[in-house]
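Following this message is one structure expressed as C-alpha cells.
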Protein chains: 2
Amino acid sequence: MKASVARSGESARSRAGKRSGTPRVGSHRLGTRGRPEESRAAILKAAVAEFAEYGIAGARTDAIARAAHVNKALLYYYFKDKDALYEAVMDHVFGGLRARVMPVLESELAPRQKMLEYVAAYYDYIAANPRFPRVVQAEWMRPGAGSSRMQRVAREHFRPIFEKVAGVLRLGIEAGEFRAVDPIDFLPSVAAIIVFYFSAAPVIKALAKVDALSESRIRERRAFVLDFISAALFR
Amino acid sequence: MKASVARSGESARSRAGKRSGTPRVGSHRLGTRGRPEESRAAILKAAVAEFAEYGIAGARTDAIARAAHVNKALLYYYFKDKDALYEAVMDHVFGGLRARVMPVLESELAPRQKMLEYVAAYYDYIAANPRFPRVVQAEWMRPGAGSSRMQRVAREHFRPIFEKVAGVLRLGIEAGEFRAVDPIDFLPSVAAIIVFYFSAAPVIKALAKVDALSESRIRERRAFVLDFISAALFR
DNA sequence: ATAATCTAACCAAACGGTTAATTCTATGAA
DNA sequence: TTCATAGAATTAACCGTTTGGTTAGATTAT
C-alpha cells in the first residue's frame, strides 16, 4: 500500500467529478474570462486553506487549483511557482495582521491601555482567521528557516510591530506601570499565547472533550488571554 | 528548473558520496550485523532531525536512511512505513517529556513550588532538545489532526500531565494562592510560552540580531518564563 | 541450518512544472 | 458600426523527477 501519508480518499477522485473537458459550469463560474482579480483571489484563498491543512511541503498544487476552480497552469501564470505562491500567502496573512494592529500601536493611548488593545486586536485578528497560525507555522517548518525570504517577511511585517510594542513597553516600565520585561522575551510570549491555542485546537479537542473553536470558548479564551497577560505584565 | 521547494543542493549529491556499492566504513559502522538496537536508535535519531527540519511531508525517507548510515529498506524493516516511523518519533519525544515531568507532579511539594518545578522541568527538557517543538508542530500540521493516532498520543502522553497539573491548579486556587484560571486555558498557555520560543528561534534571530539559542539567552529565557508565569498565576 | 539483520536494485504513482493551443476582451483603424 | 487583431486569461494534455515503498537475495551470529 502506498500513500499512507497522502490525504485519504483522493486517489480515485482525481479524474472523477469532471464529466467532460468543457469547463465546469458552477453557480459561480470563474475560469474562462472570469475577472482575473477574482481568479487570483480564489487561488490565494484556496492556497491559504491548503497550506494550513497540509503544511508547505504537503500542500498539493493540483488540490489548490481544484479548490479554486481553476486550471493548475493558471497557478503558474499568476505565481512563479509553489514557493512564490506561499510567499504571497504569507504576505496576505501578515499584511492583514499588520494592518489590524499598527493603528492601535500608533494611537495616542496610554501604555497600559495601548498594550491591552494591541493584544485584543491581535487576538481578534487570529480568532477571525483561525487558519492563519497553521499557515505561519508552516513557515517555521521550512528548510533553512533563516532564509532571505523569511528575513524579508520578518523585516517587512514584524519589525514595525516589534519596535512599536518595544516602545510601549519602555514607556510603561519607565512609568512604573509595567514590570521590567525584555521585549525579546515578552513579544514572542504574547504571540505564543494567542497563536498556539488555535494551532493546537485539534489536540485540545482530543484532550478535553471541549470544542476549542466554539464561539463561547473563543470568547472565554479572549478574556483569559487579556487577564493573563495583564497579570503578568502590569504591576 | 525543478525542485524549487526541495532542499537545496541535494539533487546532485544523491548518488555522490558513495564511492562504491560496498557499505561505508565509517569510524562507527552500523549496517551489516551491527547491533540491531543501534540501527533502530540511529534511524530514530535521524528521523527526529529530519522531521524537525523538513516537517512531516517534507521529510525524505532516503535522507533519514542516509543520515542513519543504513539502507532505506531497513527503515521499512523496523517501521511499517513513514507514518509509523513518525509515530515512533512522537512517542520518543512525548515519552521523554512525560518521564521528565511526571515525577515532579507526583511529588509531595506544595502547589506553588510544584507548579514552579513543573514549568522548570518542562522548560529544561525542551531547552535540552530544542528540535522537539518543531517535530511536534509537524504533528499539528498533519492532515486531519484529530485522527485516531493523534488521539492516542494525546491520551497516552498528555492526559496524565494534564490531569495532574489541573489538580495542582485546583489545590492552589482553593488555598487562595493561585488566581482562578481554567486548566484548559492555562495549560496550553504554559506549553505555548515554553515551546513557541524555540520553534520560532530562526524568526527571532532574524528580528532582533540576537542568537535566540545561545546558552546565555536560554538561561535568561528560563528566568523570564518562570517569572512571567509566576506573576500571571500567583496571587 | 535457520532466523534475524541488512542491502542493491527496482517500480509505480504522485508531483511540480511546462507547452501549445484556444477563448475572450479591449482597442482602434476603416 | 464593423472588423481585424493584439494580448491577456485560461485550458487540456504532457513530461521528467522524485519519492515512498518492494523484492529478492546476501550476510552473519547462533
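Letters A, B, ... mirror the listed sequences (proteins, then strands); counts begin at 1.
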**Request:** Write down the distance between CD1 (B/Ile64) and P (D/dG20), rounded to a whole number of angstrom.
**Result:** 8 Å
**Prompt:** What's the CG-C1' distance between B/Asp62 and D/dT22, to the nearest Å?
**Reply:** 13 Å
**Request:** Give the rounded distance in Å between these two atoms: CG of A/Leu75 and P of C/dG16.
**Result:** 10 Å
**Message:** Counting only side-chain nitrogens and oxygens, does B/Tyr76 get under 4.0 Å of the OP1 or OP2 atom of C/dC6?
**Reply:** no
**B/Arg60 CZ - C/dA14 C1' separation (whole Å)** = 11 Å
**Asked** With B/Glu106, which residues qualify under salt bridge (Lys or Arg N to Asp or Glu O under 4.0 Å), at least two apart?
**Response** none
**Message:** Side chain of A/Ala73, heavy atoms from C-beta onward: which of C/dT18, C/dA8, D/dG21 has the nearest atom to it?
**Reply:** C/dT18
**Request:** Measure the distance from OH on A/Tyr77 to P on C/dG16 and round it to the nearest whole Å.
**Result:** 22 Å
**Prompt:** Could you give the CG-to-P distance, from A/Leu85 to C/dG17, as a whole number of Å?
**Reply:** 10 Å
**Message:** If the cut-off is 4.0 Å, is B/Thr61 near the phosphate of D/dT19, judged by side-chain N/O to OP1 or OP2?
**Reply:** no
**Prompt:** Just checking, any donor-acceptor pair under 3.5 angstrom between side chains of A/Tyr77 and A/Arg40?
**Reply:** no
**Asked** B/Tyr78 side chain N/O closer than 4.0 Å to the phosphate oxygens (OP1, OP2) of C/dC6?
**Response** yes
**Message:** How many whole angstroms separate atom CD of B/Glu38 from atom P of C/dC6?
**Reply:** 10 Å
**Message:** Output the rounded distance in Å from CD (B/Glu50) to C1' (D/dG20).
**Reply:** 13 Å
**Prompt:** With the threshold set at 4.0 Å, does a side-chain nitrogen-carboxylate oxygen contact exist between B/Arg152 and B/Glu87?
**Reply:** yes
**Prompt:** Would A/Arg221 and A/Ser216 count as having a side-chain donor-acceptor pair, cut-off 3.5 Å?
**Reply:** no
**Message:** So, using side-chain hydrogen bond (donor to acceptor under 3.5 Å, both in side chains) as the criterion, who are the partners of B/Asn71 when residues are at least two apart?
**Reply:** none
**Asked** Of the candidate nucleotides D/dT10, C/dG16, D/dT11, which contains the atom at the shortest distance from the side chain of A/Asn71?
**Response** D/dT11
**Fill in**
Among D/dG21, C/dG17, C/dT7, the one nearest any side-chain atom of B/Lys72 is D/dG21
